[in-house]
Amino acid sequence: MNILVTGGTGFIGSHTCVELLNNGHQVVILDNLYNSNIHVLERIGKLTGVTPKFYETDIRDKEGLKKVFEENRFDACIHFAGLKAVGESVSKPLFYYQNNIEGSLNLYECLIAYGVKNIVFSSSATVYGDNFEAPFKEEYGRGTTTNPYGSTKLMNEIIIEDLCKANEGMSAVLLRYFNPIGAHESGLLGEVPNGIPNNLVPYIARVAEGKLDRLNVFGDDYDTVDGTGVRDYIHVVDLARAHVKAVEYADKHTGCEVINVGSGKGYSVLEVLHAYEKACGKTLPYVVAPRRPGDIATSYAATDKAKELLGFETEYDIEKMCADSYHFSVMNPNGIE
Ligand code: NAD
Ligand code: UD1
């Protein structure tokens with residue numbers, strides 16, 4: 001298939017492009033490089049032998065988008081482009097709605113106008129809110145989001161479902177990611193957070209590099225194995241493989257499916273910290289800090305639907321996730337240059 005990958009130079013998008021290319025698909029990347037780097041293209045080229053065609057285009061730019069669709073014929077679109085910082089979304093809601101909603105609407109308009117029937121969308125476990133108990137099942141539906149970022153994911157899910165109802169032959173897979181971490185084992189691709197990381201593993205990576213003093217563990221009085229928050233971490237390469245299966249599934253079906261992508265296992269903050277210590281061979285300092293507002297105690301995925309519909313299961317464990325994350329940070333002390 002010839003696949004348009006929006007946000008394809010980003011963390012998950014870049015790994016997905018590698019898996020798509022290695023599975024015989026063609027990709028065209030569209031990204032405004034707001035949170036990624038043009039050198040990612042060369043690295044994808046190194047890993048696959050193919051440097052994808054690239055458009056430096058913003059999904060908010062209707063004319064720019066139109067040009068991309070005029071110049072290519074796509075069988076499918078995997079839509080990663082978007083902003084993802086929860087805290088920033090609370091202080092800049094308009095920026096998030098303009099990017100993640102208005103930008104996405106422009107993209108969907110083009111998909112329909114140019115007859116691109118298949119779409120895979122990056123949703124998030126955040127749409128379960130704090131309304132349900134883990135394991136989160138797709139059939140639970142959507143909960144109440146606690147921040148504009150989460151609301152943009154929930155709204156996109158609804159918009160795409162409506163588009164599938166209104167446009168015959170349209171096919172969508174809404175992938176609800178749990179907590180993607182890790183990096184490509186080559187050390188060539190990985191996550192490069194802007195400024196001080198908000199998410200756990202990027203923060204631990206900075207502590208391991210000696211760039212931050214210690215980890216703040218947000219709460220140790222949750223009802224969990226050791227009192228710290230439990231999450232379902234998934235290796236980014238496993239997540240990338242799920243996208244290959246999802247886009248191939250979309251091509252063979254019509255309608256809209258919501259599918260969780262997680263390992264189905266939960267790890268506490270301290271368990272992740274200890275796995276990272278093992279990976280980097282150092283003891284990493286931490287202090288217990290107050291709970292972070294909006295956090296829930298436990299989140300992990302029900303994985304049956306991914307297995308049934310996509311034949312997808314994760315391969316990599318938490319040790320491998322931490323080892324690859326550490327390897328990437330050692331190989332790229334200044335990010336992807
Ligand atoms: P990322 O920031 O690394 O990648 C997103 C890419 O989109 C970046 O390259 C950025 O430059 C690009 N982009 C942003 N706004 C754009 C715009 N208006 N026009 C064109 N390009 C634009 O993030 P990621 O971790 O790879 O996440 C990819 C997608 O998955 C996002 O939609 C994110 O919300 C979603 N998601 C991520 C996580 C996670 O933990 N990383 C969890 C759930 C969902
Ligand atoms: C967060 C977002 C979620 C988003 C996801 C992926 C919040 C409330 N939720 O999920 O909407 O989809 O990232 O981008 O921001 N922790 C620490 N110390 C730290 C950082 C994290 O103890 O410095 C703990 C957290 O309390 C949590 C766990 O580590 O228990 C994982 O946190 P994080 O990596 O931020 O992911 P989520 O909170 O699951």
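Both counts, for ligands and for their atoms, begin at 1 and track the order of listing. Hydrogens, waters and symmetry mates play no part in the numbers below; they use all other heavy atoms, side chains included.
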Proximal ligand 2 atoms for N198, defined as those under 4.0 Å from one of its heavy atoms: 20 (C), 35 (O)
Closest protein heavy atom to atom 4 (C) of ligand 2, given as residue, atom name and distance to 0.1 Å: Y149 CE2, 4.0 Å
For ligand 2, the portion of L200 having any non-hydrogen atom under 4.0 Å away: both
Validation row: F80, T16 side chains within 4.5 angstrom (heavy atoms): yes
Distance-only N or O hit between ligand 2 and R292, under 3.5 Å: yes
Any S124 heavy atom less than 4.0 Å from ligand 2: yes
Closest protein heavy atom to atom 19 (N) of ligand 1, given as residue, atom name and distance to 0.1 Å: I59 N, 3.0 Å
Mutual orientation of the aromatic rings belonging to H253 and Y249 [parallel < 30°, tilted 30-60°, perpendicular > 60°]: parallel
Aromatic Y222 / basic R291 pairing, under 6.0 angstrom, 45° off normal: yes
Backbone or side-chain N or O of N147 under 3.5 Å from ligand 2 N or O: no
N167 (side chain) donor-acceptor with M170 (main chain) under 3.5 angstrom: no
Protein heavy atom at shortest distance from atom 3 (C) of ligand 2: V86 CG2, 3.9 Å
For atom 36 (O) of ligand 2, the protein heavy atom that lies nearest, with its residue and separation: N179 ND2, 3.1 Å
Donor-acceptor under 3.5 Å (N2 side chain, D75 main chain): no
Residue and atom name of the nearest protein heavy atom (relative to atom 39 (O) of ligand 2), distance in Å to one decimal: R231 NE, 2.6 Å
Distance from atom 13 (O) of ligand 2 to nearest protein heavy atom, with residue and atom: N199 ND2, 3.0 Å
Shortest protein contact, atom 26 (O) of ligand 2 (heavy atom only): D295 OD2, 2.6 Å
Option with minimal heavy-atom separation from atom 31 (C) of ligand 2, where the choices are F218, Y233, Y267: Y233
N or O pair under 3.5 Å between L215 and ligand 2: no
Close approach of S123 to ligand 1, heavy atoms, under 4.0 angstrom: yes
For atom 28 (C) of ligand 1, the protein heavy atom that lies nearest, with its residue and separation: F80 O, 3.7 Å
Residues R142 and E157 bridged, charged N to O under 4.0 Å: yes
